[in-house]
Amino acid sequence: MKVTIDQDKCIGSGQCVMAADRVFDQREEDGIVVLLDEDPSSEQADDVRHAVEVCPALAITIEE
Ligand code: SF4
């Protein structure tokens with residue numbers, strides 16, 4: 001799985017971090033998403049898919 005984020009779309013809501021905290025983090029200063037792992041392991045795949053679903057800004061895309 002390959003994960004990409006669009007920091008220009010992100011509104012800093014943090015749902016992705018709650019869904020998959022080993023893949024996503026937020027910048028200290030403004031809460032904008034930071035990608036920790038662009039190629040997460042298969043055991044994290046469901047959590048990452050969940051993050052895509054709950055992101056209100058559609059800022060996360062994945063290639064399976
Ligand atoms: S869930 Fe979406 S909008 Fe919220 S911090 Fe993550 S990428 Fe940004």
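Indexing begins at 1, ligand by ligand and atom by atom, following the structure's order.
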Subject >> Shared hydrophobic cluster for Val54 and Phe24 (ILVMFWY, side-chain gaps under 4.5 Å) >> reply: no
Original post:
Of the non-hydrogen atoms in Ile32 and Cys10, which two are nearest, and what is the gap between them?
Top reply: CD1-O, 3.4 Å
Original post:
Around atom 6 (Fe) of ligand 1, what protein N, O or S atoms are found below 2.8 Å?
Top reply: Cys16 SG
**OP:** Might you point out which heavy atoms bring Ala19 and His50 nearest each other, and give the distance in Å?
**Re:** CB-CD2, 3.7 Å
**OP:** Not counting sequence neighbours, which residues clear side chain to side chain donor-acceptor pair (under 3.5 Å) with Glu28? List them please.
**Re:** none
Original post:
How would you list all residue pairs meeting salt bridge (charged side-chain N to carboxylate O under 4.0 Å, His left out) that involve residues 50-64, not counting sequence neighbours?
Top reply: Arg49-Glu64
**OP:** Hey, could you give me each pair passing side chain to side chain donor-acceptor pair (under 3.5 Å) that has a residue in residues 1-14? Not counting sequence neighbours.
**Re:** Thr4-Thr61, Ser13-Gln15
